Asker: 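Mind looking over this structure? Questions follow.
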Amino acid sequence: MRLNELLAYKDFVIQCHDNPDADSIATAYGVYKYLRAYGKKARIIYSGSRRITKSNLVLMVKELNIPIEYVEKLDKPEILVTVDCQYGEGNVSRFEAENIAIIDHHRDCGREADYKEVRSNYASCATVLYAMFLEEGFDIRSDKSLSTALYYGLYSDSNGFGEMKHPYDIDLMEDLKVDEYIFERLKNSNFSLEELETAGIALIRYIYDEENHFAIVRANPCDPNILGLISDLVLQVDCIESCIVFCELDGNYKLSVRSCLRDAKASDIAIYITEMIGNGGGHNKKAGGFIKGTKFSELYKNQNLENYLITRMKEYFLSYCVIDSKKDKLDVTNMKKYIKLPVTVGYVKSIDIEPSDTEMIIRTLEGDVTIRAQDDIYIMIGISGEAYPISKDKFIDRYTAKEEPFYAELDYAPKVKNRITGESKNLLPHAKSCIPTSKSIIYAKQLDKTTKVFSKWDYEDYMLGCANDYIACRDSDAQDIYIIKKEIFDKTYKLFESNSGEKK
Ligand SMILES: [Mn+2]
């Protein structure tokens, strides 16, 4: 769905989920501003048993002039837009409407709607709307009140920008200029005294696993922000290297995950422990997760969540092996040789983007990589939009450069950001095509176990390979080890046959 499709209607009601949070209110406000800019009639409403009382939300509504109304009944509108929730689900009161639109960032519940945009891999619904605004070319930066609302929506849903999930989350945070004074006040009226007590009670109920140095903490039902506050504190304990803090909310569970382990990112832990029963994600040190109550009881009938989490964490630490490219060499005796297919990929000369010596960040779905613009540094763009630096020598050796521009349809187009000015540029318009030469030969084999590789190129951060992904190294260097995702491998490599025709 694109926002401009909504402009076919005249009379809108925008609905937040019951017991609305900052993200829901911010997104509703954004949709409202957009529709108003096109002269449409629009209202923002919420319902349910509880009215907004949390001090930060009361302040947000008042200071940013957000016209949100509490309703118990609703006359059937021409179109109802539910934000930060999905029409028909249990967390949003159901009202009749002629047409339904859904904008959300939670797991897709499979609800039917006339218009639907659910991007589950975003940290906030405010980010989904921000990305949709960019797609429309709708200017939000000049609207400080709206910018502040969206920024605060993301801030609240990502535990203070700690649990960001998508490059667009980071883009929003860096791009929008907010009213600092209002933001500061919102930030500092986040918890009530009761919530402080909730945190205190949770902290004295920790469970500690001596063998794997993790902690599990159950909190009483509370705002997910409190979970982040508790987990940040728990991780600072000297013997604790990773932790999960969780609470039950309306029959489901919210989790906050922290890790300071080099070989176990918080995001990977969050994904692992919520597998099949919810979703998780975030960053190296901080992540969050959600477990659907009904799914959990279906699959783990007689277990309580605490015991499940302990067992699952123990399993996690046994589930993977680690390869360190500075110490380990791949044993290639049982590996086959592969060669890159002549699939067109893209490249950009770093100095075509910024002057020589400029520090810049390459931002892709896989994360940020910092490089310095140099005559001899190029940036490669793969078929799925993965972007990474390569030296000019290696480029010339492994690819045949073409003059044609490179184009690809991507989920997130890779960008480079000037580290000093903060200005970001889309890489695609600068990209030219190239084709791998026959010199790109690697050894590769399919993994049967989750493997984490600390590669030469980014030694701080491991590359995660799951079962069926490929582990590979250059034929000329058994320590140049890396992971190639199965989907990408299948599209870009084929078995290498030497001149004699014999497969190696
Ligand atoms: Mn949200």
Side-chain angles (χ1 to χ4, degrees), residues 14-32 44-48 50 52 54 56-57 60-61 64 66 68 81-93 101-109 111 113 116-133 146-166 168-173 176 186-187 190 221-228 246-247 249-250 252-257 270 274 278-283 286-292:
I14 306 155
Q15 185 182 6
C16 300
H17 52 74
D18 298 355
N19 195 17
D21 60 359
D23 185 38
S24 189
I25 298 171
T27 311
Y29 186 43
V31 175
Y32 171 86
I44 304 175
I45 61 141
Y46 73 102
S47 190
R50 274 191 284 173
I52 295 173
K54 261 196 99 193
N56 59 330
L57 299 180
M60 176 184 182
V61 167
L64 301 175
I66 301 175
I68 185 168
V81 188
T82 66
V83 292
D84 199 28
C85 58
Q86 293 164 39
Y87 184 84
E89 283 298 299
N91 64 341
V92 53
S93 296
I102 292 172
I103 301 175
D104 194 20
H105 72 119
H106 295 95
R107 208 168 59 121
D108 193 337
C109 304
R111 294 276 168 185
K116 184 163 141 179
E117 191 66 20
V118 179
R119 302 188 188 178
S120 318
N121 51 344
Y122 286 40
S124 73
C125 198
T127 314
V128 178
L129 189 66
Y130 167 79
M132 292 175 88
F133 280 153
L146 177 55
S147 295
T148 307
L150 294 175
Y151 188 84
Y152 186 59
L154 172 62
Y155 177 88
S156 321
D157 259 32
S158 66
N159 256 317
F161 300 135
E163 298 171 6
M164 311 278 259
K165 289 185 177 172
H166 192 275
Y168 268 131
D169 294 320
I170 308 170
D171 285 348
L172 185 163
M173 176 186 76
L176 296 185
L186 291 172
K187 224 165 77 175
N190 204 11
C222 64
D223 189 289
N225 280 300
I226 313 288
L227 302 179
F246 74 97
C247 75
L249 276 182
D250 306 320
N252 301 311
Y253 301 94
K254 283 290 250 177
L255 296 87
S256 176
V257 181
T274 56
N279 62 67
H283 270 232
K286 303 184 178 198
F290 171 83
I291 289 176
K292 184 108 184 127

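We count ligands from 1, going down the list as the structure has it; atoms in each ligand are counted the same way. Everything numeric in this text was worked out from a predicted model, so none of it was measured. Positions are given from 1 along the sequence.
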Asker: From the N, O or S atoms in D23, identify the one nearest to the Mn ion (ligand 1).
Answerer: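 Nearest N/O/S atom of D23: OD2.
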Asker: Return yes if some donor-acceptor pair links the side-chain N/O of R111 with the main-chain N/O of Q86 below 3.5 Å, else return no.
Answerer: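 Not a single qualifying donor-acceptor pair exists.
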Asker: Can you tell me the angle formed at the Mn ion (ligand 1) by NE2 of H105 and OD2 of D157, to 10°?
Answerer: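 Output for this angle: 90°, rounded to tens.
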Asker: Which is the closest N/O/S atom of D84 when seen from the Mn ion (ligand 1)?
Answerer: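 Going by distance to the Mn ion (ligand 1), the closest N, O or S atom in D84 is OD1.
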Asker: Would you check if the distance from the ring center of F161 to the ring center of Y155 is below 6.0 Å?
Answerer: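 Distance test on ring centres: under 6.0 Å, yes.
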Asker: Rounded to the nearest 0.5 Å, what separation is found between the CE atom of M164 and the CG atom of N159?
Answerer: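 Rounded to the nearest 0.5 Å, the CE-CG separation comes out at 12.0 Å.
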Asker: Less than 4.0 Å between a side-chain N and a carboxylate O, is that true for D104 and R119?
Answerer: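 A salt bridge is absent here (no side-chain N lies under 4.0 Å from a carboxylate O).
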